[in-house]
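Here the structure is laid out as C-alpha cells; the discussion comes afterwards.
Sequential numbering from 1 along the given sequence is applied to the chain's residues.
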Amino acid sequence: ILMFMPIITSLYSVGKKQEIRDLYRGVTKWVFLFNLPLMLTLVVFSKEILVFLFGPIYQQAYKSLIILAIGYFVLSLAHTSIYVLKMLAKTKLLMLNATISLAVNIILNILLIPKFGIVGAATSVAVALITNHTISVIQTYKLLNIQPYKKVYIKMLFCGAILFTPLFYIKETIKPSLTLFIFMLAVTYCLYFVLILFSRSLEKTDKYIISSVEKRFKIKIKIDRFIK
C-alpha cells in the first residue's frame, strides 16, 4: 500500500479522479487477494497454529484467534481508505474514527468479557476493527465518490473457499505434523493463485499495479494472457 500512496497523492493534486478511483480499487483488491489466504489459514488451522507456536495448552484459544483473524482481515481492506483520508488531511475524521472504535471496544468489553471471557474480548476487538473499516470506507465514498468493492471479490472468495474447505476436513482426519502442515499450505497457496489467474479475476486496471511492481522490484511478471 505504501508504494502506491504517493501515486494517489500526485493524481489527486492534478484532479485525475478516474485514475484515483482505478488505483484505489486496484490496491484494495490486491490487499484482499493476498490477505484472504492468510486469513483462511488462521481460521482453518487455528488450533494447529496455536499448538505449533505455544503448545497444546493454548489450543483452547482457537475461537479467539479465528475472530481476530476475521477482524484484522476486514481492517486490512480499509488501509487504502485510511491513507486516502490522510492524503486529504482529514485528521479530525481519523481521530473521530479512532475514538468511535475505541468506544465500541470498551463498551463491548464491559458487556462481553464477564460472560464470554477471552472470546468476548476478541469479539470486542474484531467489532471495533470492522467499525473502523466501515466508517473509513463510507467517508472516502462521501468525499471522493469512490468505493473499492466489485463483484470480482466474490470470485476471489470462492477461489479461497473451494481450496480451504477441503483442508478443514483433511486436517481433522490426518492431524498433520509441522512439516506436512507447511507443505499443505504451500501447495494450497500455489493452487489459490493459479485459480485466481484461470478464473480471470485480474482485470485491465490491475495492469498498472503489476507494472509498478515490476519496475519497483525489477522483475517481469508474464500473466497478461490471464487478464480479461
**Asked** When you measure from the side chain of Ser101 to the backbone N and O of Ala98, does any donor-acceptor pair fall under 3.5 Å?
**Response** no
Next item on the list: Report yes or no: does Ser201 contribute a side-chain atom to a donor-acceptor pair with the main-chain N or O of Leu197 at less than 3.5 Å?
Entry: no
Q.
Is there a side-chain contact between Met184 and Ile170 in this structure, where contact means two heavy atoms from C-beta onward sitting under 4.5 Å apart?
A. yes
query: Thr165 side chain to Ile162 main-chain N or O, any donor-acceptor pair under 3.5 Å?
result: no
Scanning both residues in full, the closest heavy-atom pair of Ser199 with Cys159 reads OG-SG, 3.7 Å
- Taking the side chain as C-beta and beyond, is there a heavy-atom pair between Val31 and Phe73 under 4.5 Å? no
Note to self: Would you say that Thr91 contacts Lys86 through its side chain, given a criterion of any heavy-atom pair below 4.5 Å between the two side chains?
What the structure shows: no
Checking Leu143, Ile146, Leu144 against Val84 for side chain to side chain contact (heavy atoms under 4.5 Å, CB included), the one that qualifies is Leu144
Query raised in the report: Do Val43 and Leu33 belong to the same hydrophobic cluster, where Ile, Leu, Val, Met, Phe, Trp and Tyr are linked whenever their side-chain heavy atoms lie under 4.5 Å apart, directly or via other members?
Result: yes
Separation between CG (Leu65) and CD (Gln59), nearest 0.5 Å, reads 12.5 Å
Quick check: is Leu38 connected to Phe181 through a chain of hydrophobic side chains (ILVMFWY, heavy atoms under 4.5 Å apart)?
yes
Original post:
Can you check whether Ile118's main-chain N or O pairs, donor with acceptor, with Lys63's side chain at less than 3.5 Å?
Top reply: no
Here the pair of heavy atoms bringing Ala69 nearest to Met39 is O-CG, 3.6 Å
query = Is there side-chain contact between Leu85 and Asn97, with at least one heavy-atom pair below 4.5 Å?
reply = yes
Query raised in the report: With a 4.5 Å heavy-atom cut-off, do Phe183 and Val187 have their side chains touching?
Result: yes
Are Arg200 and Glu203 ion-paired here, with the side-chain N under 4.0 Å from a carboxylate O? no
* Please confirm whether Lys29 makes a cation-pi placement over Phe32, using NZ or CZ under 6.0 Å from the six-membered ring centre and within 45° of the ring normal. => no
| message | Are there over 12 heavy-atom neighbours, none belonging to Ile174, within less than 6.0 Å of that residue's CD1? | response | yes
Notebook entry, point to check: Side chains of Phe116 and Thr123: closer than 4.5 Å at any heavy-atom pair?
Noted result: no
Between the CG atom in Asn132 and the CD1 atom in Ile100, the distance rounded to the nearest 0.5 Å is 9.0 Å
Rounding to 0.5 Å, atoms CZ (Phe158) and CG (Leu163) come to a distance of 9.5 Å
Treating Ile, Leu, Val, Met, Phe, Trp and Tyr as nodes and any side-chain heavy-atom pair under 4.5 angstrom as an edge, say whether Leu185 and Leu195 lie in one connected cluster.
yes
Residues at least two apart in sequence or cross-chain that pass ring pair (Phe, Tyr, Trp, His ring centres under 6.0 Å) with Phe193, listed by chain then number, are Phe34
The ring pair (Phe, Tyr, Trp, His ring centres under 6.0 Å) partners of Phe168 (sequence neighbours excluded) come to none
| request: Please test Leu36 against Leu157 for side-chain contact (heavy atoms from CB on, under 4.5 Å), starting from the C-alpha separation and ending with a verdict. | output: CA-CA 8 Å; Leu36 177 62; Leu157 186 61; 3.8 Å; yes
Do Tyr58 side-chain atoms and Leu53 backbone N/O form a donor-acceptor pair below 3.5 Å? no
* Asked: Are Met95 and Tyr83 connected, step by step, through hydrophobic side chains (Ile, Leu, Val, Met, Phe, Trp, Tyr) whose heavy atoms are closer than 4.5 Å?
  -> no
Of all heavy-atom pairs linking Ala128 and Asn105, the shortest is CB-CB, 3.8 Å
Within a strict 4.5 Å, meaning less than it, do heavy atoms of the Ile66 and Leu42 side chains meet? no
The reported gap from CD1 in Ile70 to CG in Leu75 (rounded to nearest 0.5 angstrom) is 14.0 Å
To the nearest 0.5 Å, atom OG of Ser46 lies from atom CG of Leu68 at 11.5 Å
Taking atom OH as the centre, does Tyr72 end up with more than 12 heavy-atom neighbours from other residues, nucleotides or ligands that are less than 6.0 angstrom away? no
Rounding to 0.5 Å, atoms OG1 (Thr131) and CG (Leu102) come to a distance of 11.5 Å
field: Stepwise side-chain contact (heavy atoms from CB on, under 4.5 Å) test for Thr41 and Leu167
entry: CA-CA 10 Å; Thr41 298; Leu167 281 184; over 6 Å; no
| field | Residues Met156, Ile196; criterion side-chain contact (heavy atoms from CB on, under 4.5 Å); working and verdict | value | CA-CA 7 Å; Met156 292 189 291; Ile196 290 294; 3.7 Å; yes
### Query
Is a side-chain N or O of Arg25 found less than 3.5 angstrom from the main chain of Tyr149, in a donor-acceptor match?
no
Taking the side chain as every heavy atom from C-beta outward, state whether Pro148 and Val137 have any pair of such atoms under 4.5 Å apart.
yes
Does one hydrophobic cluster hold both Ile138 and Tyr153, with members joined at side-chain heavy-atom distances below 4.5 Å?
no
* **More than 12 heavy atoms of other groups within 6.0 Å of Tyr141 OH** => no
_Take a 6.0 Å sphere around NZ of Lys90 and say whether it holds more than 12 heavy atoms from other residues, nucleotides or ligands._
no
For Ser124 and Leu112, the nearest pair of non-hydrogen atoms, with its separation, is OG-CD1, 3.9 Å
On a heavy-atom basis, the closest approach of Leu93 and Gln139 is CD2-NE2, 3.6 Å
Answer yes if the side chains of Tyr24 and Ser81 hold a donor-acceptor pair under 3.5 Å, and no otherwise. yes
